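Given the structure is predicted, the values throughout are model-derived calculations rather than measurements. Starting from 1, each residue takes its place in the sequence as its number.
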Amino acid sequence: PPPNKTDYTFEYTHLWHGVVEDSHALPDMAARHSSGPSSADILNELRLDPDVYYNVQREALLRLLALKEQRARGYQAPNEEVAGRVRDFRLAHGLTKRKKLDRWLTENDTDDAGLSQLSNDNALVDQLLVEAEGELAEHMLSALRETGQFVILRKKANEKTRLAEQLRPTQEEQNDYGAGRLQLAAWHFENCLEQDMPTDFNAYAQSIGLRSADEFFELLRVEYQYRQLAGAKLV
C-alpha cells in the first residue's frame with residue numbers, strides 16, 4: 001500500500017520521551033552474573049572515598065543525559081563503528097588474545113554484548129560531543145576554573161600571544177605539507193603524549209573540536225615553536 005498521509009505535525013512531548021526511555025532501558029551491566037558482589041556492594045565501596053564518588057557520579061550523570069538525548073533523537077551508532085571501537089579497546093588494553101579478553105570480561109562482570117554496548121554508548125556520546133562543541137566552550141572554561149587549570153592555560157595562551165610575531169610560520173614551513181607534518185605528529189603523539197599516531201588526522205582534529213587537520217597541524221606548529229622559544233627540552 002502507499003505510505004500513509006497525515007494532516008498533523010508530530011510534537012515531541014514528555015509522554016513520548018517516557019515511551020522512548022522505556023523502550024531503551026539500559027541493562028544493569030554491573031549485575032550480569034549472579035555470583036559475586038552486587039552493583040550496590042561495588043558502589044558502597046566507592047562511597048568510602050567521597051571525592052572519587054562525586055566525580056564518578058557526575059561523569060555518570062553527564063553520560064546518562066547524553067545517551068537519553070541521543071535515544072530521543074533516534075540516533076544509532078553504525079555497526080562498523082561499534083566493531084571498530086571494540087577492536088580499538090582491545091588493542092589499547094592488550095586484549096588481542098581471546099583468553100585475555102575472557103579474563104577481562106570476567107573480572108569486569110560483563111560479556112561480549114556488554115563490551116559492545118559500552119562501545120555503542122561511547123560512540124553516541126562522542127557524536128553528541130562533536131555536535132555540541134560550539135555550546136560547550138563556556139562550560140569547559142567553568143570546569144577549568146573549578147579544577148584550577150584555567151590560570152595555567154590562560155598564562156600559556158598569553159605568552160603565545162605575546163610571542164605571536166616569532167611564532168609565525170617560515171616560508172619553508174608554509175611550503176611543507178608532507179614530511180614536516182609527520183615529524184610534528186610524531187613529536188606530539190610519540191614524544192609528548194607517548195601514544196600511537198592516529199590514522200585519520202581529520203577525524204582526530206574534529207574529536208578535539210577543530211574543523212580540519214590543517215588547524216590541528218597549525219596548533220602543533222605553534223606549540224613546537226613556543227617550546228623552543230621557552231627553552232623546553234625537545235626529544
Side-chain angles (χ1 to χ4, degrees), residues 59 62-63 65-67 69-70 73 75-96 115-144 147 149-150 152-154 156-157 159-161 164 167-170 172-230 232-235:
E59 177 67 23
L62 297 177
R63 184 181 181 86
L65 294 176
L67 290 174
E69 174 68 16
Q70 294 294 64
R73 296 180 178 189
Y75 284 3
Q76 296 290 334
N79 292 334
E80 57 271 19
E81 181 178 354
V82 174
R85 284 176 175 265
V86 170
R87 182 174 60 253
D88 292 344
F89 180 88
R90 293 181 62 177
L91 287 173
H93 292 79
L95 305 175
T96 53
L115 180 56
S116 293
Q117 182 67 53
L118 177 66
S119 300
N120 178 80
D121 291 350
N122 286 338
L124 293 178
V125 172
D126 288 349
Q127 181 186 37
L128 189 59
L129 278 175
V130 172
E131 294 179 3
E133 177 66 29
E135 302 177 67
L136 293 178
E138 187 56 41
H139 299 291
M140 293 175 72
L141 292 175
S142 295
L144 290 175
T147 60
Q149 295 174 281
F150 182 88
I152 298 172
L153 297 178
R154 186 177 185 274
K156 185 177 177 182
E159 290 174 349
K160 286 184 176 179
T161 300
L167 296 176
R168 287 185 179 180
T170 64
E172 181 181 357
E173 288 171 332
Q174 288 178 334
N175 296 331
D176 185 0
Y177 296 97
R181 288 189 166 195
L182 288 177
Q183 290 172 352
L184 273 177
W187 167 75
H188 178 67
F189 289 104
E190 297 175 4
N191 292 348
C192 299
L193 301 182
E194 297 184 348
Q195 64 185 46
D196 294 334
M197 287 193 294
T199 56
D200 187 334
F201 288 116
N202 272 312
Y204 179 82
Q206 292 173 7
S207 74
I208 58 173
L210 300 175
R211 290 175 295 181
S212 66
D214 289 340
E215 288 189 356
F216 172 63
F217 282 111
E218 176 61 14
L219 187 69
L220 291 191
R221 182 194 64 75
V222 172
E223 174 67 8
Y224 184 85
Q225 289 188 342
Y226 167 77
R227 293 199 187 193
Q228 285 186 315
L229 291 171
K233 183 180 178 182
L234 301 178
V235 180

Item to complete: Mind listing the closest non-hydrogen atom pair of R227 and C192 along with its distance?
Response: NH1-SG, 3.7 Å

Item to complete: Measure the spacing between CD of E223 and NZ of K160 and express it to the nearest 0.5 Å.
Response: 4.0 Å

Item to complete: List the steps, then state whether side chain to side chain contact (heavy atoms under 4.5 Å, CB included) holds for E81 with N122.
Response: CA-CA 10 Å; E81 181 178 354; N122 286 338; over 6 Å; no

Practice prompt. Assign the ring pair F216 / Y204 to parallel, tilted or perpendicular, where the plane angle (0 to 90°) is split at 30° and 60°.
Written response: perpendicular

Worksheet entry | Electrostatic pair R85-D121, nearest N-O below 4.0 angstrom | no

Practice prompt. Inspect the surroundings of CE in M197 and state if more than 12 heavy atoms from other residues, nucleotides or ligands are less than 6.0 Å away.
Written response: yes

Worksheet entry | Atom pair CD/CD of Q195 and E190 - distance to nearest 0.5 Å | 10.0 Å

Worksheet entry | Lys/Arg-Asp/Glu bridge criterion (N-O < 4.0 Å) met for R63, E59 | no

Item to complete: Please name the pair of heavy atoms, one in V82 and one in A77, separated by the smallest distance, quoted to 0.1 Å.
Response: CG2-CB, 3.8 Å

Response to the item:
Value for CG (D200) from CD (Q206), rounded to nearest 0.5 Å, stands at 8.0 Å

Fill in: Separation of L184 CG from H188 NE2 (nearest 0.5 Å)
10.0 Å

Discussion item. Working to the nearest 0.5 angstrom, can you tell me the gap between L210 CG and F217 CZ?
Written reply: 11.5 Å

Item to complete: Output yes when a side-chain donor or acceptor of N202 lies under 3.5 Å from a complementary backbone atom of S212, and no otherwise.
Response: no

Fill in: CA sep, side-chain torsions, deciding dist, call: Y75, E131, side chain to side chain contact (heavy atoms under 4.5 Å, CB included)
CA-CA 13 Å; Y75 284 3; E131 294 179 3; 3.6 Å; yes

Worksheet item: Less than 4.0 Å between a side-chain N and a carboxylate O, is that true for K156 and E159?
Response: no

Worksheet, complete the sentence: Value for CG (L62) from NE2 (H139), rounded to nearest 0.5 Å, stands at 11.0 Å

Worksheet item: Minimum heavy-atom separation for R90 to T96, with atom names?
Response: NH2-O, 3.1 Å

Worksheet item: What are the two closest heavy atoms between G209 and E133, and how far apart are they?
Response: CA-CD, 3.6 Å

Discussion item. Looking at E135, I want to see if its CD is surrounded by more than 12 non-hydrogen atoms of other residues, nucleotides or ligands under 6.0 Å.
Written reply: no

